[in-house]
Participant: 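Below: one structure in C-alpha coordinates.
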Amino acid sequence: MTSESARRGEPVSLPAALASFTELWSPRIVTAVNDYDVRVAKVEGEHVWHVHDHTDEFFLVLEGELTIALREPAGERTVVLPKGSVFTVPRGTEHKPYAPGGASILLFEPTGTLTVGDRHDDIPAHVDATTGHALG
(Lines give C-alpha, C1' and ligand atoms only; values in the text may rest on other atoms or scores of the structure.)
Protein backbone atom coordinates (compact mmCIF):
# COMPACT_ATOMS: atom_id res chain seq x y z
CA MET A 1 0.00 0.00 0.00
CA THR A 2 1.49 3.31 -1.12
CA SER A 3 0.37 6.85 -1.87
CA GLU A 4 0.29 5.74 -5.49
CA SER A 5 -2.18 2.97 -4.56
CA ALA A 6 -4.66 5.60 -3.45
CA ARG A 7 -4.26 7.51 -6.69
CA ARG A 8 -5.11 4.32 -8.58
CA GLY A 9 -8.39 4.03 -6.71
CA GLU A 10 -7.30 1.44 -4.14
CA PRO A 11 -8.28 1.79 -0.46
CA VAL A 12 -5.67 2.98 2.00
CA SER A 13 -5.67 1.59 5.54
CA LEU A 14 -4.75 4.41 7.92
CA PRO A 15 -3.53 1.99 10.64
CA ALA A 16 -1.30 0.26 8.05
CA ALA A 17 -0.05 3.62 6.79
CA LEU A 18 0.85 4.70 10.34
CA ALA A 19 2.52 1.34 11.02
CA SER A 20 4.75 1.78 7.96
CA PHE A 21 7.00 4.45 9.57
CA THR A 22 8.35 5.45 12.97
CA GLU A 23 9.58 9.04 12.51
CA LEU A 24 7.83 11.74 14.56
CA TRP A 25 6.62 15.04 13.08
CA SER A 26 7.31 13.62 9.60
CA PRO A 27 3.99 13.26 7.74
CA ARG A 28 3.27 10.71 5.02
CA ILE A 29 0.94 11.50 2.14
CA VAL A 30 -1.76 8.82 2.00
CA THR A 31 -3.80 10.28 -0.85
CA ALA A 32 -4.73 13.50 -2.61
CA VAL A 33 -8.07 15.25 -3.04
CA ASN A 34 -8.05 17.82 -5.83
CA ASP A 35 -5.12 20.10 -4.96
CA TYR A 36 -4.85 18.87 -1.36
CA ASP A 37 -2.71 16.23 0.34
CA VAL A 38 -4.16 13.98 3.00
CA ARG A 39 -1.27 13.29 5.37
CA VAL A 40 -0.85 11.15 8.46
CA ALA A 41 1.78 11.74 11.12
CA LYS A 42 2.95 10.40 14.43
CA VAL A 43 3.66 13.20 16.88
CA GLU A 44 5.09 13.46 20.37
CA GLY A 45 6.54 16.38 22.28
CA GLU A 46 6.45 19.85 20.74
CA HIS A 47 6.41 21.06 17.15
CA VAL A 48 7.41 24.68 16.46
CA TRP A 49 5.53 28.00 16.50
CA HIS A 50 4.63 28.65 12.87
CA VAL A 51 2.17 30.35 10.52
CA HIS A 52 0.61 29.33 7.22
CA ASP A 53 -0.05 32.69 5.56
CA HIS A 54 -2.24 31.43 2.71
CA THR A 55 -4.01 28.30 3.93
CA ASP A 56 -5.96 26.89 6.84
CA GLU A 57 -4.62 23.72 8.49
CA PHE A 58 -7.02 20.86 9.29
CA PHE A 59 -6.24 18.37 12.09
CA LEU A 60 -8.03 15.08 12.91
CA VAL A 61 -6.75 13.12 15.92
CA LEU A 62 -6.73 9.40 15.14
CA GLU A 63 -5.09 8.22 18.38
CA GLY A 64 -3.97 9.93 21.57
CA GLU A 65 -4.45 13.61 22.30
CA LEU A 66 -3.13 16.69 20.50
CA THR A 67 -2.89 20.17 21.98
CA ILE A 68 -2.55 23.27 19.83
CA ALA A 69 -1.42 26.59 21.27
CA LEU A 70 -2.71 29.58 19.29
CA ARG A 71 -1.68 33.21 19.17
CA GLU A 72 -4.77 35.10 18.06
CA PRO A 73 -5.61 38.82 17.93
CA ALA A 74 -7.53 38.46 21.21
CA GLY A 75 -4.54 36.75 22.88
CA GLU A 76 -3.15 33.29 23.37
CA ARG A 77 -5.33 30.24 23.91
CA THR A 78 -4.96 26.48 23.83
CA VAL A 79 -7.25 23.86 22.33
CA VAL A 80 -7.12 20.22 23.39
CA LEU A 81 -8.13 17.61 20.84
CA PRO A 82 -8.86 14.11 22.13
CA LYS A 83 -9.09 11.10 19.81
CA GLY A 84 -11.77 11.63 17.17
CA SER A 85 -11.68 15.44 17.35
CA VAL A 86 -11.12 17.82 14.47
CA PHE A 87 -9.89 21.41 14.47
CA THR A 88 -8.97 23.91 11.78
CA VAL A 89 -6.30 26.53 12.43
CA PRO A 90 -7.26 29.57 10.32
CA ARG A 91 -4.71 30.90 7.85
CA GLY A 92 -2.47 33.55 9.32
CA THR A 93 -2.81 32.22 12.88
CA GLU A 94 0.45 31.45 14.65
CA HIS A 95 0.21 28.03 16.27
CA LYS A 96 2.26 25.27 17.90
CA PRO A 97 0.98 21.70 18.08
CA TYR A 98 2.22 19.45 20.84
CA ALA A 99 1.43 16.02 22.21
CA PRO A 100 3.13 15.21 25.53
CA GLY A 101 1.77 11.64 25.51
CA GLY A 102 2.00 11.12 21.75
CA ALA A 103 -0.69 11.06 19.09
CA SER A 104 -1.44 10.01 15.54
CA ILE A 105 -3.03 12.68 13.38
CA LEU A 106 -4.44 13.25 9.91
CA LEU A 107 -3.79 16.58 8.18
CA PHE A 108 -5.51 18.08 5.15
CA GLU A 109 -3.44 20.76 3.41
CA PRO A 110 -2.79 22.09 -0.10
CA THR A 111 -0.16 20.04 -1.94
CA GLY A 112 3.27 21.54 -1.35
CA THR A 113 2.45 23.09 2.05
CA LEU A 114 5.53 23.05 4.26
CA THR A 115 5.02 21.48 7.71
CA VAL A 116 6.68 24.48 9.36
CA GLY A 117 4.60 27.04 7.52
CA ASP A 118 5.67 30.23 5.81
CA ARG A 119 7.15 31.76 8.95
CA HIS A 120 8.46 29.85 11.97
CA ASP A 121 10.75 29.76 14.97
CA ASP A 122 14.04 27.88 14.77
CA ILE A 123 13.33 24.31 13.72
CA PRO A 124 14.44 21.72 16.29
CA ALA A 125 16.17 18.56 15.07
CA HIS A 126 13.15 16.35 15.85
CA VAL A 127 10.84 18.29 13.46
CA ASP A 128 10.94 17.35 9.77
CA ALA A 129 10.50 20.49 7.63
CA THR A 130 8.86 18.80 4.63
CA THR A 131 5.95 18.98 2.22
CA GLY A 132 5.21 15.36 3.16
CA HIS A 133 6.75 12.03 2.21
CA ALA A 134 5.19 9.35 0.04
CA LEU A 135 4.14 6.15 1.78
CA GLY A 136 6.51 3.32 1.54
Side-chain angles (χ1 to χ4, degrees):
M1 177 224 28
T2 64
S3 302
E4 194 56 38
S5 299
R7 289 191 185 100
R8 290 193 311 261
E10 298 173 21
V12 175
S13 163
L14 294 180
L18 286 161
S20 73
F21 65 97
T22 59
E23 297 85 3
L24 298 174
W25 301 109
S26 184
R28 299 305 190 268
I29 301 167
V30 294
T31 192
V33 179
N34 298 318
D35 298 334
Y36 283 77
D37 288 339
V38 179
R39 305 172 184 177
V40 293
K42 295 177 180 180
V43 300
E44 187 171 354
E46 296 186 354
H47 195 263
V48 61
W49 280 105
H50 66 285
V51 176
H52 300 279
D53 289 325
H54 306 289
T55 186
D56 300 337
E57 187 171 18
F58 172 87
F59 294 86
L60 164 63
V61 178
L62 302 170
E63 292 292 333
E65 183 176 272
L66 180 72
T67 302
I68 304 174
L70 303 157
R71 291 179 176 155
E72 300 172 311
E76 288 194 21
R77 73 178 174 120
T78 301
V79 294
V80 178
L81 307 173
K83 178 181 175 178
S85 296
V86 299
F87 184 77
T88 300
V89 175
R91 72 188 69 199
T93 301
E94 191 175 11
H95 59 288
K96 180 170 119 175
Y98 57 97
S104 295
I105 60 175
L106 182 141
L107 304 153
F108 192 71
E109 299 177 297
T111 299
T113 299
L114 196 59
T115 56
V116 294
D118 301 305
R119 295 178 281 124
H120 51 79
D121 283 351
D122 290 339
I123 302 169
H126 70 276
V127 172
D128 185 8
T130 180
T131 58
H133 301 283
L135 279 178

Participant: State, to 0.1 Å, how close W25 and H126 come at their nearest heavy-atom pair, and which atoms those are.
Facilitator: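 Closest approach of W25 to H126: CD1-CD2, 3.6 Å.
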Participant: Would E65 and K83 count as a salt bridge (charged side-chain N to carboxylate O under 4.0 Å, His left out) here? Give the steps.
Facilitator: CA-CA 6 Å; E65 183 176 272; K83 178 181 175 178; over 6 Å; no
Participant: Determine yes or no for a side-chain-to-main-chain donor-acceptor pair under 3.5 angstrom, with D37 supplying the side chain and P110 the backbone.
Facilitator: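 No, the answer is negative, given that no donor and acceptor are paired below the 3.5 Å cut-off.
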Participant: If you look at every heavy atom in A99 and V43, which pair is closest and at what distance?
Facilitator: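 Shortest heavy-atom separation between A99 and V43 comes out as CB-CG2, 3.9 Å.
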Participant: A side-chain contact here means heavy atoms from C-beta on lying under 4.5 Å apart; do Y98 and T78 qualify?
Facilitator: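 Sidechains of T78 and Y98: in contact.
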Participant: Flag the pair L14 / L106 as yes when at least one side-chain heavy-atom distance between them is below 4.5 Å, and no otherwise.
Facilitator: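 A side-chain contact under 4.5 Å exists here.
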Participant: Could you state the interatomic distance from NE2 (H95) to CZ (R77), rounded to the nearest 0.5 Å?
Facilitator: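 Going from NE2 on H95 over to CZ on R77, the span is 12.5 Å.
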Participant: Do other residues, nucleotides or ligands put more than 12 heavy atoms under 6.0 Å from the CZ atom of F87?
Facilitator: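 Counting other residues, nucleotides and ligands, CZ of F87 exceeds 12 neighbours.
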Participant: Check whether any side-chain heavy atom of L70 sits under 4.5 Å from a side-chain heavy atom of I68, and report yes or no.
Facilitator: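 Heavy-atom side-chain distance check passes, below 4.5 Å.
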Participant: Is L60 reachable from F108 through a run of I, L, V, M, F, W or Y residues, each pair having side-chain heavy atoms under 4.5 Å apart?
Facilitator: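 Same cluster.
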Participant: Measure the shortest side-chain to side-chain distance between H52 and L114 over non-hydrogen atoms and say whether it is less than 4.5 angstrom.
Facilitator: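 No - every pair of side-chain heavy atoms lies 4.5 Å or more apart.
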Participant: Do F59 and V89 make a side-chain contact, defined as non-hydrogen atoms from C-beta onward lying under 4.5 Å apart?
Facilitator: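 With C-beta onward as the side chain, the pair touches.
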Participant: Determine whether V61 and P82 make a side-chain contact, defined as any pair of heavy atoms from C-beta on separated by less than 4.5 Å.
Facilitator: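 Side chain of V61 against side chain of P82, heavy atoms only: no contact under 4.5 Å found.
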Participant: Return the OG to CG distance between S85 and L62, rounded to the nearest 0.5 Å.
Facilitator: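 Answer for the OG-CG pair, S85 versus L62, is 11.0 Å.
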Participant: Does the side chain of H133 reach to within under 4.5 Å of the side chain of E23, using non-hydrogen atoms?
Facilitator: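 In short, these two side chains do not touch, never coming nearer than 4.5 Å.
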Participant: Run the side-chain hydrogen bond (donor to acceptor under 3.5 Å, both in side chains) test against E44 and tell me which residues pass, sequence neighbours left out.
Facilitator: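 Checked E44 against side-chain hydrogen bond (donor to acceptor under 3.5 Å, both in side chains); zero matches.
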Participant: Quick one: do W49 and L24 end up in the same hydrophobic cluster if we chain Ile, Leu, Val, Met, Phe, Trp and Tyr together by side-chain heavy atoms under 4.5 Å apart?
Facilitator: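 No, separate clusters.
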Participant: Could you work out, with side-chain hydrogen bond (donor to acceptor under 3.5 Å, both in side chains) as the rule, every residue matching K42, not counting sequence neighbours?
Facilitator: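 Applying side-chain hydrogen bond (donor to acceptor under 3.5 Å, both in side chains) to K42 gives none.
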Participant: Below 4.5 Å, heavy atoms only, C-beta onward: do V40 and I105 meet side chain to side chain?
Facilitator: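 A side-chain contact is absent here, since even the closest heavy-atom pair is not under 4.5 Å.
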Participant: Keeping the roles fixed (side chain from R28, backbone from S26), state whether a donor-acceptor pair exists under 3.5 Å.
Facilitator: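 Indeed, once roles are kept as given, a pair shorter than 3.5 Å links the two residues.
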Participant: For T131, is there any backbone N or O sitting under 3.5 Å from a side-chain donor or acceptor partner on R39?
Facilitator: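 Answer holds: yes.
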Participant: Under the side-chain contact (heavy atoms from CB on, under 4.5 Å) test against E57, which residue among L107, T113, T93 passes?
Facilitator: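 Output: one option passes, namely L107.
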Participant: Considering all heavy atoms of both residues, which atom of T115 and which atom of P27 are nearest to each other, and what is their separation?
Facilitator: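 Closest approach of T115 to P27, heavy atoms only: CG2-CG, 3.5 Å.
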Participant: Once rounded to the nearest 0.5 Å, what's the spacing between atom OH of Y36 and atom CD1 of I29?
Facilitator: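 Between atom OH of Y36 and atom CD1 of I29 there are 14.5 Å.
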Participant: At what distance, to the nearest 0.5 angstrom, does CG of D35 lie from CD of E109?
Facilitator: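 One finds 14.0 Å between CG of D35 and CD of E109.
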Participant: Measure the acute angle between the ring planes of H47 and H50, then classify it against the limits of 30° and 60° as parallel, tilted or perpendicular.
Facilitator: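 Judged by the thresholds at 30° and 60°, the geometry between H47 and H50 is tilted.
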